[in-house]
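Working notes, beginning with the structure itself.
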Protein chains: 2
Amino acid sequence: MPARPAVPRSGPATIADVAAAAGVSKQTVSNVMNYPAKVREETRERVRRAVAELGFQPNRMARALRSSTAGMIACRIEPVSSHSLAHLHDRFLHALAEAGQAVGRHLMLFAVDDAEDEAATCVQLVRTGSVEGVVLYNLVPGDPRPPALREAGVPFVCFGRFSDDAEATGWVDVDNAAGVGAVVDHLAECGHRRIGFLGFPEGHRVGDDRAAGWVTAMDRHGLLAGSHRLDVRGEDTWVSGARTARGLLDRADPPTALVAASDTLAAGALQAVRDLGLALGEDVALVGYDDTPSAEVLDLSSVRQPLPEVGRRIVEALCPAGGTPVPVASLLAPELVVRGSSRRRT
Amino acid sequence: MPARPAVPRSGPATIADVAAAAGVSKQTVSNVMNYPAKVREETRERVRRAVAELGFQPNRMARALRSSTAGMIACRIEPVSSHSLAHLHDRFLHALAEAGQAVGRHLMLFAVDDAEDEAATCVQLVRTGSVEGVVLYNLVPGDPRPPALREAGVPFVCFGRFSDDAEATGWVDVDNAAGVGAVVDHLAECGHRRIGFLGFPEGHRVGDDRAAGWVTAMDRHGLLAGSHRLDVRGEDTWVSGARTARGLLDRADPPTALVAASDTLAAGALQAVRDLGLALGEDVALVGYDDTPSAEVLDLSSVRQPLPEVGRRIVEALCPAGGTPVPVASLLAPELVVRGSSRRRT
DNA sequence: CGCGCTCAGTTGATCGATAAAACGAAGCTG
DNA sequence: CAGCTTCGTTTTATCGATCAACTGAGCGCG
């Protein structure tokens with residue numbers, strides 16, 4: 001059966017080309033690729049050679065159509081944002097992409113002009129079979145997206161808790177309170193008693209959680225009573241960090257250590273420390289958050305979020321090994337990276 | 001012909017469902033969606049109602065299979081990098097995603113551990129029909145990817161020139177030399193004669209182009225002769241910027257203006273200026289590059305790269321309206337954003 | 001009347017892969 | 001030796017949409 005002409009057709013080889021070259025049926029080739037055990041050793045080898053010779057790779061769209069699984073998950077890419085995730089944005093996407101690939105999924109990005117449209121876009125992506133599920137992040141209190149997607153039956157997982165309901169599922173988060181708490185523990189262990197906190201403006205989950213972490217930990221160490229107004233809030237900018245830190249350090253009873261809610265704020269605080277002629281790590285300890293590249297450059301202790309693990313959990317929840325999505329609610333622990341800016345007091 | 005049962009099947013509606021509901025054939029539905037003119041007004045309306053009622057959206061995979069166009073382009077997402085694009089990374093991806101959507105394409109991200117594998121991954125993505133083409137960036141001199149992809153027949157476009165061959169195509173770039181040149185022009189017009197330059201380490205295209213821009217522009221204004229060693233190079237970090245700027249400002253004949261190859265360097269330089277008790281914009285003018293959010297916060301003049309336009313050109317080249325990819329070689333002009341850090345001298 | 005032409009829509013084939021069922025040849029059993 | 005399994009492979013049908021070819025009715029014109 002001279003099924004196919006000898007002339008190489010245009011475009012990549014298909015399963016039919018391989019079948020013809022190996023003298024077997026398409027199905028056998030498919031079996032070799034997916035269930036090798038089903039095929040006799042000898043035939044298998046013959047098919048494998050043909051596959052290698054033709055450089056065959058199964059067409060993803062055909063496979064997706066047949067199995068009705070796109071092998072993709074979607075995530076919105078936001079324009080430049082001043083949210084807390086700003087510095088982590090690309091690291092988060094990288095973690096997602098990597099975690100996805102580990103289980104054979106690719107990451108699709110989409111942009112929406114109007115945030116209102118995001119849910120609608122997600123629904124569309126799922127209904128057209130473009131993706132299996134979507135990832136949300138930068139959620140705000142009362143965010144409309146989770147209910148909208150749940151309503152539409154769109155599988156989704158959020159980076160960050162989006163509800164105060166303890167029963168709510170569909171999220172993976174890093175414990176912000178615990179992160180700041182670990183910093184306070186570390187500083188207290190280094191002998192610091194007066195530990196200040198530079199936070200984000202009130203009203204957003206992440207910032208409030210980090211601030212709450214300071215209060216809780218200070219209280220645990222019995223340091224809260226003597227630390228009146230050692231926690232200040234301000235925009236997440238270098239300038240704001242410098243100003244608020246200066247304010248604290250200029251007090252009659254200045255803190256000997258500062259915890260910042262971001263590396264940006266910490267970098268600003270670092271400036272304030274230098275302006276006052278104080279020695280970092282000696283006179284004043286300083287710890288940032290997010291462990292951005294600048295933290296390393298500045299020899300700044302910082303809190304590292306386990307983004308790779310976050311990515312894995314999200315992907316795992318969206319694309320579980322066996323079948324349908326599974327509700328997830330995991331709170332991961334961040335890790336404190338100690339550098340020169342916060343050493344034990346001598 | 002009771003083609004379909006009245007019970008709604010699981011999953012989204014298909015074209016067959018719509019056809020049955022409207023009492024026409026699948027093809028007619030398809031025509032209504034794609035070539036409405038082919039269908040009689042009345043029928044069209046009937047089909048449209050059925051579409052709306054069932055919330056039908058054509059399955060992307062089926063369409064992709066039939067038309068053998070994935071409707072996607074791929075781009076590698078790098079882990080945290082210290083490259084010059086670091087600050088622009090997510091803005092670039094956003095621009096790509098947005099430009100793609102404007103012409104019905106989505107952006108797929110992929111991660112590769114070993115940079116060597118990138119070309120192989122791209123080839124695989126195209127051969128499996130997953131994407132129509134790929135976007136490369138952060139290219140280094142003699143980068144192996146363009147030739148490898150060209151060899152494999154993979155459509156690609158680079159952000160950044162990758163070859164000194166003037167004939168080479170397949171890239172979109174922003175004119176770095178012109179950007180720095182514009183800054184020098186601006187500063188010269190403001191009355192500055194001694195204009196310093198803070199650059200990246202030698203050996204990379206972007207940094208070298210920006211440095212060359214300084215030389216050319218200074219020469220054009222006849223300012224090069226008196227500016228011996230006013231251009232210095234260093235790592236693209238805040239610390240390095242502060243140090244090198246300090247070095248220049250401490251000289252016996254210090255510059256009255258500084259051009260930095262990045263906002264990061266400029267932020268460091270800003271510190272050096274403050275340390276010396278000089279007034280920014282008065283005693284010393286300062287201009288950064290890339291117009292990152294911090295530039296705005298610091299009231300720092302900066303050079304803005306037209307990323308949206310870059311994205312459009314790249315997508316346009318990869319997915320031309322009519323048929324096959326078209327060679328592209330476009331050099332875009334960046335835009336100088338003047339802020340308080342560089343005003344006219346009084 | 002009959003031939004050609006347009007219009008509106010249908011039918012059948014196809015994209016590339018895979019699930020399910022059918023098939024033929026051994027091998028075993030009673 | 002009929003009847004039942006098992007194994008290895010081929011056939012057939014299917015995923016959902018689109019392309020190409022076809023049908024049938026209505027109209028105009030010589």
Side-chain angles (χ1 to χ4, degrees), chain A residues 1 3-4 9-48 50-51 54-71 104 126-130 132, chain B residues 1 3-4 9-48 50-51 54-71 104 126-130 132:
Chain A
M1 30 143 160
R4 298 232 155 221
R9 305 169 325 113
S10 67
T14 73
I15 199 173
D17 297 326
V18 177
V24 297
S25 70
K26 295 192 300 176
Q27 186 59 38
T28 298
V29 177
S30 173
N31 284 337
V32 170
M33 304 294 285
N34 302 309
Y35 309 94
K38 283 189 169 182
V39 181
R40 184 157 45 110
E41 167 82 37
E42 187 198 317
T43 318
R44 200 190 307 152
E45 260 326 298
R46 194 147 38 93
V47 171
R48 288 235 164 95
V51 166
L54 298 177
F56 168 69
Q57 306 216 243
N59 181 298
R60 180 190 206 140
M61 297 308 161
R63 183 185 287 217
L65 174 59
R66 184 73 241 259
S67 60
S68 52
T69 49
V126 169
R127 291 189 67 113
T128 58
S130 305
E132 294 170 44
Chain B
M1 35 148 154
R4 297 227 154 225
R9 306 171 324 115
S10 67
T14 73
I15 199 173
D17 298 326
V18 177
V24 297
S25 70
K26 295 192 300 176
Q27 186 58 38
T28 298
V29 177
S30 173
N31 285 337
V32 170
M33 305 294 284
N34 302 310
Y35 310 94
K38 284 190 170 181
V39 181
R40 183 157 46 110
E41 167 82 39
E42 187 199 315
T43 317
R44 201 190 307 153
E45 260 326 297
R46 193 150 36 93
V47 171
R48 287 235 165 96
V51 166
L54 299 176
F56 168 69
Q57 304 216 245
N59 181 299
R60 179 190 208 142
M61 297 308 162
R63 184 186 286 223
L65 174 59
R66 187 69 242 256
S67 60
S68 50
T69 49
V126 170
R127 293 190 67 114
T128 58
S130 304
E132 293 169 46

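Throughout, protein chains are lettered first and strands after them, A, B, ... in sequence-line order, and every chain is numbered starting at 1.
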Taking only residues two or more places apart in sequence, or in another chain, which ones meet B/T128 in a side-chain hydrogen bond (donor to acceptor under 3.5 Å, both in side chains)? B/S130
Heavy-atom pair of closest approach, residues B/G23 and B/R46: O-NH1, 4.2 Å
Between OG1 of B/T43 and CG of B/N31, what distance do you get to the nearest 0.5 Å? 11.0 Å
What heavy-atom pair brings A/D17 and A/A13 nearest, and what distance separates the two atoms? OD2-CA, 3.4 Å
Sort and list the pairs that fulfil salt bridge (Lys or Arg N to Asp or Glu O under 4.0 Å) and have at least one residue in residues 24-43 of chain A, not counting sequence neighbours. A/R40-A/E42, A/E41-A/R44
Please give, in whole Å, the distance from D/dA17 C1' to B/D17 CG? 13 Å
Categorize A/T28 for me: base, sugar-phosphate, or nothing, with a 4.0 angstrom heavy-atom threshold over every strand shown. base
Hey, does A/V47 have a side-chain heavy atom less than 4.5 Å from the side chain of A/V24? yes
Under 3.5 Å, N/O pairs linking protein and nucleotides 17-24 of chain C:
residue: C/dA17; atom: OP1; partner: A/N59; partner atom: N; Å: 2.8
residue: C/dA17; atom: OP2; partner: A/I15; partner atom: N; Å: 2.3
residue: C/dT18; atom: OP1; partner: A/N34; partner atom: ND2; Å: 3.3
residue: C/dT18; atom: OP1; partner: A/R63; partner atom: NE; Å: 3.2
residue: C/dT18; atom: OP1; partner: A/R63; partner atom: NH2; Å: 3.2
residue: C/dT18; atom: OP2; partner: A/S30; partner atom: OG; Å: 3.1
residue: C/dT18; atom: OP2; partner: A/N34; partner atom: ND2; Å: 3.3
residue: C/dT18; atom: O2; partner: A/R66; partner atom: NH1; Å: 2.3
residue: C/dA19; atom: N7; partner: A/Q27; partner atom: OE1; Å: 3.3
residue: C/dA19; atom: N6; partner: A/Q27; partner atom: OE1; Å: 2.7

Any donor and acceptor pair, going by atom type alone, linking the side chain of B/R60 with main-chain N or O of B/G71 inside 3.5 Å? yes
Would you give the length of the straight line joining atom CG of A/L54 to atom CD1 of A/I15, rounded to the nearest 0.5 angstrom? 12.0 Å
What's the angle between the local helix axes at either end of the helix from C/dC1-D/dG30 to C/dG30-D/dC1, using five pairs per end and rounding to 10 degrees? 70°
To the nearest Å, give me how far apart CG (B/L65) and C1' (D/dA17) are. 9 Å
What verdict does the side chain to side chain contact (heavy atoms under 4.5 Å, CB included) test give for B/R63 and B/N59, after you've listed the backbone C-alpha separation in whole Å, the side-chain angles of each residue and the deciding distance to 0.1 Å? CA-CA 6 Å; B/R63 184 186 286 223; B/N59 181 299; over 6 Å; no
Tell me which residues in residues 40-47 of chain A lie within less than 4.0 Å of DNA chain C, going by non-hydrogen atoms. none
All side-chain contact (heavy atoms from CB on, under 4.5 Å) counterparts of B/A64, not counting sequence neighbours: A/M61
